[in-house]
Enquirer: 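Once you've had a glance at the structure underneath, I'll fire off some questions.
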Number of protein chains: 2
Amino acid sequence: MEGTGAALSGRRREARRNDALVVDAAREVFAAHPDAPMSAVAERAGVGQGSLYRRYRTKDELLHRVCLEGMHAIQAHARQALADDGDPWESFERFMRGYLDSGAGVQLSLAGTFTPGPDLFAAASETHALIQTLIDRTASAGRLRDDITAADLSLLVAQIGGLRLNAPERDRELHHRYLALVLQALRPSAAAPLPGPPATAAEIEDRWTP
Amino acid sequence: MEGTGAALSGRRREARRNDALVVDAAREVFAAHPDAPMSAVAERAGVGQGSLYRRYRTKDELLHRVCLEGMHAIQAHARQALADDGDPWESFERFMRGYLDSGAGVQLSLAGTFTPGPDLFAAASETHALIQTLIDRTASAGRLRDDITAADLSLLVAQIGGLRLNAPERDRELHHRYLALVLQALRPSAAAPLPGPPATAAEIEDRWTP
DNA sequence: TTCGGAACGGACCGGATCAGTCCGGTCCAC
DNA sequence: GTGGACCGGACTGATCCGGTCCGTTCCGAA
């Protein structure tokens, strides 16, 4: 009778519902305060700490889950942009907005706070590769300056998304304001050489290895 | 015999030297880790905690001092740019680099961690006014897009300067890379409307009031 | 209706961290 | 030589947080 996917009821259903609540709450809480305590997650989810720890036996486990889900969301945005065969710049722009809204900034700031595990590293690599593919496509269509790497983009988006000033909605507004600014500088028409070597994949992925 | 500026000797001289060391160390340490413990500052300064606390009776006092000095440095950069009557854009660009190197990012991230005091608020206001003056001058010379406020600049610089990835020198390199990118988007030639209302003085200065 | 037990919530525990204190030692001035 | 200012860093008391434990609640079967 276990794992059959049959209708759940009673406590079973509540458990399932709590599970989703917890992950959502964790994403929101850690996005606002990367070093938030577990009790904050529990409170936000409207759940006791006991229930929280029954599902995720350790804080690392929960952070791991949140990061992995975030990366999958970003990958989905990238794949969607790659599948889109309209204007390459517009696809790219949409991707960047999606990237920003996925709370990408969170993950990079979370990266140091727990021990990553190999699957997270793999996910980070794949995410990076997808973004680089998208960049190459857009650049070779002549719509994106060609001295920018996927790592550059990740850092820029992470920094912009990390801005925390006021209420969340106002912050989101500012994030998009500054993303729009950066996007203008990413067009090739504005190109003038940038100082220093670009960020590399290794510089970022090192954060996802113990 | 006190305060005459006469040559100091012995322990007196050591005390004076330690005083400078401590402030420098504090700036560096808090720049790297805004929530660093006092012991880290003492260690970096090569000084015992006792000496540290004899000079600054509380952590807040030290943070206060660091922030105030940082603001004065930024004000000096702004005044220098305003006094410079060469190419307005080049003055502006130099100012932005100086702003970034002053560890401007630090202060905003430090802003929440202690109780500010009225003189810091005054310094923040003056800093903001100076930057706005510089912006107005550059924009009315037609060299800067006119939908950007001083608060926008402060946030952008703070975010860029807040990037912490690798060794300090490499980080500085990346900071300047991304500042260069943003500077391109700030030129009026690249202007396309930005979404959302700009950041306001109040949004930033609220951080400097209890 | 009753009963067994699964899931719940939150009080609680042990360890770590850190701001701030205290004291024994050091080095200078006289 | 000696008094005392200044030094460093061990120490303290409070706070915070990850993780555990247990009394309570509610479901479903008999």
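Just so it is clear: chains get the letters A, B, ... in the order the sequence lines come, proteins before strands, and each one is counted from 1. Excluded from the calculations below are hydrogen atoms, water molecules and symmetry mates; all remaining heavy atoms, backbone and side chain alike, are included.
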Enquirer: Measure the distance from CZ on B/Arg55 to C1' on D/dG8 and round it to the nearest whole Å.
Expert: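 It works out to 18 Å between those atoms.
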Enquirer: Treating primed atoms plus P, OP1 and OP2 as sugar-phosphate and everything else as base, which nucleotides of nucleotides 15-22 of chain C get B, S or - for protein heavy atoms under 4.0 Å?
Expert: ---SSBBB
Enquirer: For A/Ile160, which of A/Leu174, A/Leu181, A/Leu100 qualifies under side chain to side chain contact (heavy atoms under 4.5 Å, CB included)?
Expert: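 Checked A/Leu174, A/Leu181, A/Leu100 against A/Ile160; only one passes side chain to side chain contact (heavy atoms under 4.5 Å, CB included): A/Leu100.
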Enquirer: Can you tell me how far C1' of D/dG18 sits from OH of A/Tyr56, to the nearest Å?
Expert: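 For the pair A/Tyr56 OH and D/dG18 C1', the rounded distance is 17 Å.
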Enquirer: Would you call A/Glu69 and A/Arg65 a salt bridge, taking side-chain N to carboxylate O under 4.0 Å as the test?
Expert: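 Yes.
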Enquirer: If we ignore angles and hydrogens, is there a donor and acceptor under 3.5 Å between the side chains of B/Thr115 and B/Asp60?
Expert: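 Per modelled atom types, B/Thr115 and B/Asp60 side chains form a pair under 3.5 Å.
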Enquirer: Hey, is B/Glu93 close enough to B/Arg97 for a salt bridge, meaning N to O under 4.0 Å?
Expert: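 Salt bridge flag = yes for B/Arg97 with B/Glu93.
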Enquirer: What is the distance, rounded to the nearest whole Å, between atom CZ of A/Arg44 and atom P of C/dG9?
Expert: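 Interatomic distance, CZ of A/Arg44 to P of C/dG9: 17 Å.
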Enquirer: State whether B/Asp101 and B/Arg172 are salt-bridged, where the test is any N-O pair (Lys NZ or Arg NE/NH1/NH2 against Asp/Glu carboxylate O) under 4.0 Å.
Expert: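 Yes, charged N to carboxylate O under 4.0 Å.
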